[in-house]
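Along the sequence shown, residues are numbered consecutively beginning with 1. Hydrogens, waters and symmetry mates play no part in the numbers below; they use all other heavy atoms, side chains included.
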Amino acid sequence: MSFTSIPILDLELARNPDTKPQFLEQLRHALMEVGFLYLKNVGIPEDLFQQVIHKGKAFFDIPLEEKLKIEMKNANSFLGYSRLSAEITAGETDHREQIDLSTEHAIPDPGSPLYYNLLSPNQWPSETYAPGFRATYAEYMHRMGDISIYFTSLIAEAIKLPSDAFNKYFDEEQQHKLKIVKYPDMGELGPRTGGATQGQGVGPHKDSMLTSYLLQATSHKGLQVQNVQGRWIDCPPIDETLVVAIGQGMEALTQGVCVSTTHRVLSPAAGSGARFSIPFFQGVKLDADFDDLETVGVGKVPDEVREQRQKVIERTGGRIDDVEFTFRKGAVAKTLGEATLRNRVKSHPDVGERWYPDILRAIREEQAASAKARQASSAHEPSGGFTPKAVEAH
């Protein structure tokens with residue numbers, strides 16, 4: 001039987017030598033069985049959390065003309081503001097409004113690989129309209145960066161690797177990403193969703209890096225995680241926690257011991273108001289080569305740990321691989337940076353049209369060929385049963 005709820009872990013246990021073994025055992029279970037967990041006592045001051053939430057919500061009240069001054073398509077970095085319904089996941093429109101930020105980097109040097117454009121300065125809102133926004137989010141990203149590095153060291157220990165096993169995939173100047181997201185309720189969306197009773201906040205996807213940390217800033221349900229039987233499990237907000245998702249990168253580096261799990265967000269019900277969330281994505285060195293990621297990785301995960309994961313697979317009846325895998329040898333992209341850039345172009349075609357038309361054209365040709373192949377295949381397959389749909393990594 002697969003999981004039916006998301007485990008809650010207390011990071012304070014990891015900081016105490018007497019309780020750390022208990023924490024690592026709980027973490028190993030979450031990594032192998034679920035790929036998601038709630039984390040409490042992360043070490044962020046409560047007043048900073050409240051400022052992050054307050055200033056994040058307030059951003060969307062800025063006049064549209066001001067938000068458009070920092071619109072994502074104005075830059076080639078995929079950083080900045082995105083209008084409602086401007087992003088695509090799993091081939092469908094996401095009904096959300098957002099701003100993408102990252103830890104600050106200078107403009108890349110001339111002649112750098114194209115994907116170095118992702119390592120760029122932020123487009124910050126005006127201090128006049130968003131006082132204190134930049135300082136608050138710069139501090140939050142810095143603190144969350146430190147926490148993410150610490151937490152991945154605990155993941156390494158949980159699967160009986162050296163605590164610094166993942167450090168080789170981190171840059172000296174780590175670039176982490178963050179989104180501030182507003183999901184309007186179905187009443188506000190109205191005819192945008194074609195009269196559907198439930199909208200797509202974000203379509204089914206897996207995060208592509210090592211770990212992600214979601215601050216659910218309102219009390220709405222909406223986040224759901226898919227277990228191996230195809231059932232969607234609610235992951236509702238719990239006060240004073242972050243939701244941690246294991247990414248495809250972690251799954252690749254651990255030879256499948258740590259599972260990356262498909263998840264989605266449903267639009268809030270009509271009349272319930274907008275849902276706000278603030279996910280933080282741990283960065284990985286963009287120059288990392290897929291051959292290294294898949295054949296060298298972090299070294300051999302101990303046999304006893306691999307056997308434990310195999311028992312989970314056998315007991316739960318296997319697992320669903322319903323997402324296009326970012327970390328794959330033989331793919332068009334040879335490095336993580338190339339794959340990340342392609343995924344960003346796929347998710348934000350308006351940015352792709354302006355800055356990366358050749359990549360966007362190639363992606364669309366691949367998608368058309370894939371759709372044609374699926375159509376031909378489905379014509380020869382019997383109907384019935386659960387058939388997961390291939391979707392892009394987010």
Take E12 and R15 through the test salt bridge (charged side-chain N to carboxylate O under 4.0 Å, His left out) and record every step on the way to the result.
-> CA-CA 5 Å; E12 192 61 35; R15 300 186 181 104; 3.1 Å; yes

Would E87 and K179 pass as an ion pair if we require N to O under 4.0 Å?
-> yes

Decide whether Y81 and E97 meet the rule of one side-chain donor and one side-chain acceptor closer than 3.5 Å.
-> yes

If two hydrophobic side chains count as joined below 4.5 Å and joins carry through other members, does I180 share a cluster with L68?
-> yes

Between Q216 and R275, does any side-chain donor sit less than 3.5 Å from a side-chain acceptor?
-> yes

Any donor-acceptor N or O pair under 3.5 Å, side chains Q282, T211 | yes

Would you sort out whether I99 and F59 count as a side-chain contact (heavy atoms from CB on, under 4.5 Å), showing the intermediate values?
-> CA-CA 9 Å; I99 181 171; F59 168 79; 3.8 Å; yes

Establish, from distance only, whether the side-chain atoms of Y356 and N117 form a donor-acceptor pair under 3.5 Å.
-> yes

Could you tell me whether E366 and R342 make a salt bridge, using a distance below 4.0 angstrom between a side-chain N and a carboxylate O?
-> yes

Verify whether one side chain among H95 and S85 offers a donor that lies under 3.5 Å from an acceptor in the other.
-> yes

Taking C-beta and beyond as the side chain, do S77 and L118 meet within less than 4.5 Å on heavy atoms?
-> no

So, K160 and D303, do they make that salt bridge, N to O below 4.0 Å?
-> no

On the 0 to 90° scale, with breaks at 30° and 60°, tag the H176-F280 ring pair as parallel, tilted or perpendicular.
-> tilted

Any chance the side chains of R374 and S370 put a donor and an acceptor closer than 3.5 Å?
-> yes

Is K311 paired with E33 through a side-chain N to carboxylate O contact shorter than 4.0 Å?
-> no

Counting only N and O atoms by type, is there a donor-acceptor contact under 3.5 Å from the side chain of T103 to the main-chain atoms of Q174?
-> yes

Following the transitive rule for hydrophobic clusters with a side-chain heavy-atom cut-off under 4.5 Å over Ile, Leu, Val, Met, Phe, Trp and Tyr, establish whether V243 and I8 coincide in one cluster.
-> yes

Establish, from distance only, whether the side-chain atoms of Q50 and E46 form a donor-acceptor pair under 3.5 Å.
-> yes

Give the ring-plane orientation class for F276 versus F60, where under 30° counts as parallel, over 60° as perpendicular and anything between as tilted.
-> tilted

So if you build clusters from Ile, Leu, Val, Met, Phe, Trp, Tyr with side-chain heavy-atom gaps below 4.5 Å, do L101 and L48 land together?
-> yes

Salt-bridged, E139 to R143, with N to O below 4.0 Å?
-> yes

Side chain Q224, main chain V265, donor-acceptor under 3.5 Å = no

With a 3.5 Å cut-off and no angle check, do the side chains of S208 and Q248 form a donor-acceptor pair?
-> no

Pairing residues for F3 by the ring pair (Phe, Tyr, Trp, His ring centres under 6.0 Å) criterion, not counting sequence neighbours = none

For side chain to side chain donor-acceptor pair (under 3.5 Å), just list the numbers for D287 and T335, CA-CA rounded to whole Å, side-chain angles, deciding distance to a tenth of an Å, and then say yes or no.
-> CA-CA 6 Å; D287 291 325; T335 65; 5.9 Å; no

Shared ILVMFWY cluster between L31 and M209, side chains joined below 4.5 angstrom?
-> yes

Spell out, yes or no, whether V181 and L79 are grouped together once hydrophobic residues are joined by side-chain heavy atoms under 4.5 Å, including indirect joins.
-> no

Classify the side-chain pair D207/S212 by whether it contains a donor and acceptor separated by less than 3.5 Å.
-> yes

Assess the side chains of R96 and Q98: does a donor N or O sit below 3.5 Å from an acceptor N or O?
-> yes

Side chain proximity check, P279 to Y213, heavy atoms < 4.5 angstrom = no

